[in-house]
Each structure stands twice: as C-alpha cells, then as structure tokens.
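Sequential numbering from 1 along the given sequence is applied to the chain's residues.
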Amino acid sequence: MTKITAVGGYEAVGRNMTSVTVGKETVAIDNGIRLDTLQMYDGDTNALKKYNDEDLLRMEVVPDIRKLKNISAQIISHGHLDHIGALPVTEPKSPIITTHYSAEIGKREYPDGNFYSLGYGERFEISPHISVEFIEITHSIPYTSVVVLHTNEGDVVYASDFKLDDYSSIAKTDYNKLREIGKGNVKALIVESTRAGETGKTPSESIAKEKLKDVVNSIEEGLIVATTFSTHIERIQAILDEAEKAGRIPIVLGRSLFKQIEISERFGLLDMPPDAKIFATPKVIRRAFKEIKNRNDYFLLVTGHQGEPRSVISKMIRGEYQFKFEKNDSVILCANAIPTPINIASRYIIETKLRSFGVRVFDDVHVSGHASKEDHRRMLRMIKPDHVIPCHGGINMRGNYAALAIEEGYEFNKNIHLLNNGTGIEI
Ligand SMILES: [Zn+2]
C-alpha cells in the first residue's frame, strides 16, 4: 500500500506539502508558506521567525506536519516560497533533497538544513525501497523539477508547479524522460491545478518578452519603473535588456531581487548589463534615489508586484525615500495578482494610488508560469498514472482538474481523488 496525504495547499494557494508513505517510511514533498496570510498579520514576508509554530499554524502560514511520523526525507520541487519557505519553521530532521539551485535558495533561509542536491539524471537512494529523481520542466523559476519517487510498489510522480514552454531561453522540459516514466508503472500523479480551469495552452515566456518590448517602446518620457517576481530570472533578464535597448540606466532596488539575482548569476543564468546598478537595503536605496536627476535616463526594477506594504514600490508610493512619483512616469507590472483576496486587494491599492499621481500604469505585462487545461491534458497523457490527485489550489481549481481527468477516462473517487488538508488515501 502507498499512502498519499494532503498536508498543506489543498484548501487555498500556498503552504504546499504532500507526503507519501510506503511501509513505515514517509517522504514529505515541498514545505512552503502561505504568503498572503503572513502578510495579513505582518506585512513583512521575512517575518517568519517572529512567530512560534503554533501561531503560524493558527495563521494558516505553514503546513501542519504534527501528524507526520518517521519522515525519511524532505524533497523540494523548486525554489518558490510557497514550496520551500517553511523549511526553517517545520525543521525537518531528515535530509532535504533538491536541485543544486533550489538548495542554494533554501540555504539562505535555513543555513542549518541538511541539504543534499542532485543534478538532473541522478538518483538519490532514500532507503532500500525508495529513491528519488528530478526531471527538468519549465515554470517561472530556474531548475523546477517534476519529482519522481521510485518505490517498490511503483512510481509516484509529483508535478507542482509547471508549465510547458518550448521557447524558454533558460529552461526546458525533458519530454523524453517524462514519456519514459509514463511507460513504466506510475501509481499516482500528484499535480498542481491553479489554472486547470483556463482553456487552451499557457503562452510561452517569449510572449511576455514581446509584450514588454511593445510597452517599453511606447514610453517616450518620464521615469520607467517595472516590478516582477524576484525569482523570475528570465523575466528579470528581459526587463534589464529592454532598459538597455531604451538607452536608460537599469537600477535594481530591493533585497529579494538582490538575493535571487546573485544566485542566478552564480549559476550563469543571468547577465547583468555592465552599467546596471543594484541596491538592497533601505539606506542605500534612499541614496540611489538621490542619484536620479533626469528621469528620462533611468529604468528601475523594484520589488512589490503584489503590492506588499514593505516592498520598494509601496515605499516609493508613500514617499519614504524622499521620492515622489510624477505625472508621465510609467509603472509596468510584469506580474498578475496571485489569486487570493489579500493579493488582489493589495494590488488594487497600489494601482489606484499610482493612477492618482497621474502615473501611467501598464498592468498584465505577464504570462503565467502555470499550466492551462491543454498542457495538463498533455502531461496526463505522457505520465498515464493509475490515480490522479490534484493539489495546490482550492476546491474549485482542483475540481477543474478533476473535470479534465474525467474527460481523459478517469473516474471520480475511484482513481481521481480530491483530498483536504490533513486527509489521505491508500492506493
Ligand atoms: Zn512555483
């Protein structure tokens, strides 16, 4: 028997964790935080350490691991905070297995972690009965993996998160390997569902680059400010490239952008333009604003795409850097609001305030990093699992995935399972 337990991320987007138990051994996959609930209480996403475990559970920030026994290994699929951010809180005593890149991200927050990192094509023996390997796939952060647990009862495949983007410049999807896994004995596919209700295919990141180019070319005067996900290295590169092409000096502001850019440069994934400057702490950021004399000469990349109150863009709006937005400045939002009520409200607030200053706001210069319905269908047909367990989303999102699986011949409650946090199934 293989037991699959929904630990977190099965009621709303965030704090992802699924555990797989074979015999007496349990492997936990992902260990993330729910950013929007943390923000609701604190406003600072780096505030985890201020709270005790009980508070964080009550605030619905971290997965509830209290019922998990004998965790042999903690596996991390990719470096987004909703998949890796709770590591320091839930303190797995077991080895943490992930790619070299995601391990680098994890070690920044959790230097005491017992990290083991793998390249694609390598296997890690967790025990005589369970081993793990990672398959490269595209998403919105480098080195995202489909996790394959090889067990003596068959394979369990975990695909959260992914999109299928054949035109990414920094990542690829290893279709051959996915098909090879599908030809074997896959007992279960645990799969993200955030955009399973969107018809068609999620557009490639190359489309976001075209959208960005189009917008930047249309701006003739004023300061240009762009914001995007700090972990979205391909997008950051595109923004810096467009700043250069527009003949402006790129200036990057914010701690999380600084951290992620540093890691990605070390892995050879990002080329900072030679005249680009980067400032991380509030003190030096304040100094950077003093340097800006002619607004037409600069292109800022800042944190705050979700309207987080302590981000650089929110502080700019509040005038905290002795900086004021002016009429004819432009703000390019290279991110959608993450679909939670808090994120949607925070984004609404910054957009409304920006417009009140006369700033031109270009929203939705973005494409999603998550698979849509036809991408999911393609994945399901490649992997051909006996059972399907949609994860990473509320009941609507997971229900949308279930509807797709029914179209593909699966049967509800027979081999499609909608679990709630804290519940599991044995297959
Ligand atoms: Zn992700």
Looking at K201, is its backbone amide N or carbonyl O close enough to the side chain of E374 to form a donor-acceptor pair, meaning the two atoms are under 3.5 Å apart? no
In short, side-chain hydrogen bond (donor to acceptor under 3.5 Å, both in side chains) pairs touching residues 271-285 with sequence neighbours left out are K277-E291
Closest non-hydrogen contact found for N400 with G197 is ND2-CA, 3.4 Å
- prompt: Does H392 have its ring centroid less than 6.0 Å away from the ring centroid of Y401?
  reply: no
Note to self: Using the rule given for side-chain contact (heavy atoms from CB on, under 4.5 Å), can you reason through L35 versus N343, listing the C-alpha separation, both sets of side-chain angles and the distance that settles it, and then say yes or no?
What the structure shows: CA-CA 9 Å; L35 281 165; N343 289 114; 6.0 Å; no
#### Entry: V365 side chain near D214 side chain, heavy-atom distance below 4.5 Å
no
**Message:** Under a plain distance cut-off of 3.5 Å, with no hydrogens placed, do T138 and D165 share a side-chain donor-acceptor pair?
**Reply:** no
Exercise. Counting distance only, does the side-chain N/O of S264 pair as donor-acceptor with the main-chain N or O of Q260 below 3.5 Å?
Worked result: yes
message: Between T202 (side chain only) and S372 (backbone N and O only), is there a donor and an acceptor less than 3.5 Å apart?
response: yes
* **Intermediate values then yes/no, salt bridge (charged side-chain N to carboxylate O under 4.0 Å, His left out), K245 and E242** => CA-CA 5 Å; K245 278 191 234 154; E242 287 307 322; 3.0 Å; yes
Any side-chain heavy-atom pair of V186 and D386 under 4.5 Å
no
Exercise: do T26 and S19 side chains pair donor with acceptor under 3.5 Å: no
Minimal heavy-atom distance between A188 and I389, with the atoms involved, is CB-CD1, 4.3 Å
Worksheet item: Just by modelled atom types, is the S368 backbone N or O under 3.5 Å from a matching donor or acceptor in the K163 side chain?
Response: yes
inquiry  = Could you check whether any side-chain N or O of R15 sits under 3.5 Å from a backbone N or O of V62, counting only pairs where one atom can act as donor and the other as acceptor?
reply    = yes
Here the gap from K384 atom NZ to R179 atom CZ, rounded to the nearest 0.5 Å, amounts to 9.0 Å
Applied to residues 417-427, the salt bridge (Lys or Arg N to Asp or Glu O under 4.0 Å) test, sequence neighbours excluded, yields none
Query raised in the report: So does Y167 have more than 12 non-hydrogen atoms from other groups sitting under 6.0 Å from OH?
Result: no
Heavy-atom nearest pair, G14 first then D82, reads CA-CB, 4.0 Å
Under 3.5 Å side-chain donor-acceptor pair for S127 and E25: yes
Discussion item. What I want to check is whether the side chains of H78 and T144 have a donor and an acceptor closer together than 3.5 Å.
Written reply: no
| Just by modelled atom types, is the L419 backbone N or O under 3.5 Å from a matching donor or acceptor in the R398 side chain? | yes
Which of D30, N31, I105, T98 passes side chain to side chain contact (heavy atoms under 4.5 Å, CB included) with L87? Answer is N31
Would you call I181 and D155 a side-chain contact if the rule is heavy atoms closer than 4.5 Å? yes
d(K187 NZ, H387 NE2) to nearest 0.5 Å is 7.0 Å
With sequence neighbours left out, the residues meeting side-chain contact (heavy atoms from CB on, under 4.5 Å) with F258 are E262, I278, A280
(request) Please assess I141 against D161 for the test side-chain contact (heavy atoms from CB on, under 4.5 Å), listing each intermediate value before the final yes or no. (result) CA-CA 10 Å; I141 181 170; D161 303 331; over 6 Å; no
Examine distances only and state if a side-chain atom of E122 and a backbone atom of G119 form a donor-acceptor pair shorter than 3.5 Å. yes
Side-chain donor-acceptor pair present, Y10, T18, cut-off under 3.5 Å: yes
Please check: side-chain N/O of T173 versus main-chain N/O of Y175, any donor-acceptor pairing under 3.5 Å? no
- Message: Closer than 3.5 angstrom, by distance alone: can the side chain of T423 be matched with the main-chain N or O of N420 as a donor-acceptor pair?
- Response: yes
(request) Could you tell me whether the side chain of T303 reaches within less than 4.5 Å of the side chain of E308, counting heavy atoms only? (result) no
Applying side-chain contact (heavy atoms from CB on, under 4.5 Å) to N396 and not counting sequence neighbours gives none
- Query: Do I71 and V27 have side-chain heavy atoms sitting under 4.5 Å apart?
  - Reply: no
Can you check whether L257 reaches K259 side chain to side chain, under 4.5 Å on heavy atoms? no
Would you check if there is a donor-acceptor pair between the side chains of D241 and Q237 at a distance under 3.5 Å? yes
- [ ] Report the C-alpha separation of V147 and F134 in whole Å, then their side-chain angles, then the decisive distance to 0.1 Å, and conclude whether the side-chain contact (heavy atoms from CB on, under 4.5 Å) test is met.
- [x] CA-CA 5 Å; V147 176; F134 298 123; 3.8 Å; yes
Taking every heavy atom of P282 against every heavy atom of K315, the minimum-distance pair comes out as CG-NZ, 4.4 Å
> Does the pair D375 and K373 meet the rule for a salt bridge (charged side-chain N to carboxylate O under 4.0 Å, His left out), with working shown?
Replying inline: CA-CA 5 Å; D375 303 304; K373 190 172 177 182; over 6 Å; no
Heavy atoms of G393 and V13 approach each other most closely as CA-CG2, 4.3 Å
List the atom pairs, with distances to 0.1 Å, where a side-chain N or O of residues 225-235 and a protein N or O form a donor-acceptor pair under 3.5 Å, not counting sequence neighbours.
| residue | atom | partner | partner atom | Å |
| --- | --- | --- | --- | --- |
| T227 | OG1 | V302 | O | 2.9 |
| T227 | OG1 | H305 | N | 3.1 |
| T228 | OG1 | C334 | O | 2.7 |
| S230 | OG | S256 | OG | 2.9 |
| T231 | OG1 | H80 | NE2 | 3.3 |
| H232 | ND1 | R235 | N | 3.4 |
| H232 | NE2 | E205 | OE1 | 3.4 |
| H232 | NE2 | R235 | NH2 | 3.4 |
| E234 | OE1 | S168 | OG | 2.9 |
| E234 | OE2 | S169 | N | 2.8 |
| E234 | OE2 | S169 | OG | 3.0 |
| E234 | OE2 | K209 | NZ | 3.0 |
| R235 | NE | E205 | OE2 | 2.6 |
| R235 | NH1 | C334 | O | 2.9 |
| R235 | NH1 | H366 | ND1 | 3.0 |
| R235 | NH2 | E205 | OE1 | 2.9 |
| R235 | NH2 | H366 | ND1 | 3.4 |
| R235 | NH2 | V367 | O | 3.3 |

- Evaluate the salt bridge (charged side-chain N to carboxylate O under 4.0 Å, His left out) criterion for residues R266 and E104: first the C-alpha distance (whole Å), next the side-chain angles of each, then the deciding distance (0.1 Å), finally the verdict. CA-CA 10 Å; R266 199 143 25 100; E104 217 41 61; 3.5 Å; yes
Rounded to the nearest 0.5 Å, the OH atom of Y51 sits from the CG atom of L38 at a distance of 6.5 Å
Donor-acceptor pair, side chain of H139 and main chain of G369, under 3.5 angstrom: yes
Output for pair (I342 CD1, I338 CD1), nearest 0.5 Å, gives 11.5 Å
Worksheet item: For residues T194 and E192, is any side-chain donor paired with an opposing acceptor at under 3.5 Å?
Response: yes
Sequence neighbours excluded, the answer for side-chain contact (heavy atoms from CB on, under 4.5 Å) partners of E136 is Y120, A171, K172
Minimal heavy-atom distance between D64 and V7, with the atoms involved, is O-CG1, 3.2 Å
